[in-house]
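First the structure, in the form of structure tokens, and then the observations on it.
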Protein chains: 2
Amino acid sequence: MGRPTILDVAERAGVSKSLVSLVMRHSPHVSEEKRSAVLEAARELGYRPNAVARSLVRQRSYVLGVMLSNLHNPFFADVVDGIEERSLATGYRALFNSGKRVPQREAAALETLLELQTDGLILAGTLLDSKTIEKAGSSVPVALIARATRSSIVDSVSGDDRAGARMAVEHLHSLGHQHIAHIDGGRGAGARRRRSGYEAAMRKHGLEPMVVTGSYTEEGGARGVRQLLDDGRRPTAIFAANDLAALGALQALSESDHSVPDDVSLMGYDNAWLAGLQHISLTTVDQPRHQLGATAVELLIERLDEGRTEPRHVVLTPTLVVRATTGPPAGGL
Amino acid sequence: MGRPTILDVAERAGVSKSLVSLVMRHSPHVSEEKRSAVLEAARELGYRPNAVARSLVRQRSYVLGVMLSNLHNPFFADVVDGIEERSLATGYRALFNSGKRVPQREAAALETLLELQTDGLILAGTLLDSKTIEKAGSSVPVALIARATRSSIVDSVSGDDRAGARMAVEHLHSLGHQHIAHIDGGRGAGARRRRSGYEAAMRKHGLEPMVVTGSYTEEGGARGVRQLLDDGRRPTAIFAANDLAALGALQALSESDHSVPDDVSLMGYDNAWLAGLQHISLTTVDQPRHQLGATAVELLIERLDEGRTEPRHVVLTPTLVVRATTGPPAGGL
DNA sequence: GACGGGGCTTGGAACGTTCCACAACACCTC
DNA sequence: GAGGTGTTGTGGAACGTTCCAAGCCCCGTC
């Protein structure tokens, strides 16, 4: 015989299964006597409510599914903190998955979460195409993190990437830089907006945009620098699409004997915790990571418990964080 | 009406629910004709199997629950990779949780996973006491990662922390260091063994152990260095309990104007990816992180699908990784 | 002393699957 | 043409809960 069920507890306590159910759900309409009898029996048997059976009949699991694009990006660790805290506070629990930045893997992870009947879905930094996302959104509330969308079906919360990119350019420009390269985030969430914000800000100051393709990974940043070197471009400053890419760029720059910021200035994006490490001390654009996560949960709850049906798209404002990797222009690459 | 069920599909395809079930599970005993009719109906309705109902009746969820002690520690990102890869390959899916290094939170996360009827449980770097762990282990297979145990109930896979600590001491000793401090990992998983491995190795070389309390976090490492300074201890080398703590130590050292390795040598433990960053380039002890995760999954599967019942405790051997933060002894703190 | 009402308790139906035993049918063999 | 064999398809029970309608009992009221 397997795990004890509500029936076993009922029998042992000499009551009906319904009463056990009531006790387990802290109903006030139970006599003190029976309550303690049930609790006692449950303790003795080591009874634990079966959430699977419960969610089958209630048609509600009180679980929020979270698909993380990339566990290695410390940016998401903070986002997850926000998600867990907020969902715990509202009576839900969060369960995670990861798609490892591979669309096919992400689709599988999404499907898993869907089959498990999670009440709501958070896609953090997903690479999935909007058709797939909207299809998911049509069967369960979905909130996107860090991937702006104009979808009329799913919600989203993201930083204002265009504004953040503008801040980066403006910071570098105010230091005197004219040749500012951007290593973009490729197909990464929000990368297009950061890129276009960069381009717009450059043009606004009469500067020529200089973009190479990268990604939201160290490898992407390193590749970007190598590309810049191969092309013989001579930026005096580099704005990488995120902190991880900036780290990769830092790596590649020191391999090619360029010092930061003495030869080249370098900026990242996100202000993930490692940007603040003294030995890195990266100038970057801060995203309210914790709040990004918390807001996504709230968006879901508005739909789940408050009946909202029109989509909401929340945009949070980033802030500039100046540290040690930027300075006045010098030799450049 | 909500999501379509197997009954809706059956009706639309003009067959019984049982047949639909067979098709969905790729049974070979279905005529081509009916199979395609069912598939077609399912597609039209947007049917998706309900994993909740399925696992209720099968008494199996094919989900492995993973409780992560600390998502901010990059060590776990690699472990998770190993878990996801191995479980995908064996027909299971992994779902994560985090306990944020707070025993009470961890207990709640564990309980959640238990109630959701996951088929097996992986506790990665948990701070939970063994009584709680064994209780969980008595109702579902449990595998511990990075927390050695002699439990006769749960399985475990961990690095040989004593040996790793010895390697660290021996490396520093071979460079000529005599005054080697250890900032320990407090109550962290495996911390006690690293500490005792350090102490044993020190004694073996006729050296006096010098231990201060820390934790597996940056904050713990920084606090350890400050403690060392306050106490007026003058180590020429510091061995931190893990890479994160080493990073915190690095931080505190540069705040107190000590340069690494010119004044003090510094070592970490884990070889998490950030240890390899050129700008950090931490000498450390490598743990086979990916394999730690993969092995935990295998241990669970042995119990689940192969009927093993006696416990197994796998110990993997760490290796020394020499980078730039260690050198010959100099002024010290 | 019948009636009504409230607090506590109960059994049965339902949730969406899988599993099992069996039915239906075709085909082969003697 | 009766009997066996094998392949495909079916309905009902079961999984462990929650929900609902209804029952029981006690008490107060007229």
Side-chain angles (χ1 to χ4, degrees), chain A residues 1-39 41-42 45-63 91 112 114-119 139-140, chain B residues 1-39 41-42 45-63 91 112 114-119 139-140:
Chain A
M1 88 138 247
R3 318 276 321 280
T5 75
I6 206 170
L7 251 34
D8 301 318
V9 177
E11 186 180 11
R12 174 154 201 137
V15 300
S16 73
K17 62 180 180 13
S18 305
L19 188 60
V20 176
S21 173
L22 288 173
V23 171
M24 287 303 152
R25 288 176 287 141
H26 307 110
S27 160
H29 306 275
V30 176
S31 68
E32 211 30 72
E33 182 197 8
K34 303 255 171 172
R35 175 191 310 284
S36 52
V38 167
L39 256 18
L45 292 173
Y47 169 74
R48 181 171 4 246
N50 182 330
V52 166
R54 173 179 296 181
S55 61
L56 181 60
V57 56
R58 307 217 5 210
Q59 303 281 75
R60 251 335 184 78
S61 61
Y62 291 93
V63 170
T112 293
L114 250 17
E115 289 182 3
L116 289 171
Q117 312 294 117
T118 52
D119 289 345
S139 67
V140 72
Chain B
M1 87 138 248
R3 317 278 320 281
T5 77
I6 206 171
L7 253 35
D8 301 317
V9 177
E11 186 179 12
R12 175 153 199 139
V15 300
S16 74
K17 61 180 180 16
S18 305
L19 217 231
V20 176
S21 174
L22 289 173
V23 172
M24 287 303 152
R25 288 176 289 141
H26 308 108
S27 160
H29 305 273
V30 176
S31 69
E32 211 31 73
E33 183 196 8
K34 302 254 173 171
R35 175 191 309 283
S36 52
V38 168
L39 256 17
L45 292 173
Y47 170 76
R48 179 169 9 244
N50 183 331
V52 167
R54 174 178 297 182
S55 60
L56 182 60
V57 55
R58 304 211 16 205
Q59 303 283 73
R60 255 330 189 80
S61 62
Y62 291 94
V63 169
T112 293
L114 250 17
E115 289 183 1
L116 288 171
Q117 313 292 117
T118 51
D119 289 344
S139 68
V140 73

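Just so it is clear: chains get the letters A, B, ... in the order the sequence lines come, proteins before strands, and each one is counted from 1.
When all heavy atoms of B/Pro49 and A/Gln117 are compared, the closest pair comes out as O-OE1, 4.3 Å. Taking both residues in full, the closest heavy atoms of A/Ala42 and A/Val9 are given as N-CG1, 4.0 Å, listed atom of the first, atom of the second, then distance. In plain terms, the two heavy atoms of B/Val15 and B/Lys34 that are nearest each other are CG1-CD, 3.8 Å. Here the closest heavy-atom approach between residue A/Val38 and residue A/Ala13 is recorded as CA-CB, 4.0 Å. Scanning all heavy atoms of the two residues, the minimum distance from A/Val30 to A/Val23 falls at CG1-CG2, 3.9 Å. In terms of heavy-atom proximity, B/Leu45 sits nearest to B/Pro4 at O-CG, 3.4 Å.
Note on the helix from C/dG1-D/dC30 to C/dC30-D/dG1: terminal axis deviation equals 60°, with five pairs used at each end and the result rounded to 10°.
For B/Arg35 and B/Ser31, the side-chain atoms include no donor-acceptor pair closer than 3.5 Å.
Along DNA chain D, the nucleotide closest to A/Val52 and the one closest to A/Arg25 are compared, and the more 5′ of them pairs with A/Val52. For the pair B/Ala53 and B/His29, both in contact range of DNA chain D, the more 5′-proximal nearest nucleotide belongs to B/His29.
At least one donor-acceptor pair under 3.5 Å links the side chain of A/Ser36 to the backbone N or O of A/Glu32. A distance-only check finds no donor-acceptor pair linking the side chain of B/Arg12 to the backbone of B/Asp8 [under 3.5 Å].
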From CA spacing to verdict: side chain to side chain contact (heavy atoms under 4.5 Å, CB included), A/Tyr62, A/Arg54:
CA-CA 10 Å; A/Tyr62 291 93; A/Arg54 173 179 296 181; over 6 Å; no
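Using a 4.0 Å cut-off on heavy atoms, the residues of residues 16-23 of chain B that approach DNA chain D are B/Ser16, B/Lys17, B/Ser18, B/Leu19, listed by number.
When DNA chain C is scanned 5' to 3' for any atom under 4.0 Å from a heavy atom of chain B, the first and last hits are C/dG16 to C/dC19.
Backbone-only engagement by A/Val30 is indicated by non-hydrogen atom pairs under 4.0 Å involving sugar-phosphate atoms exclusively.
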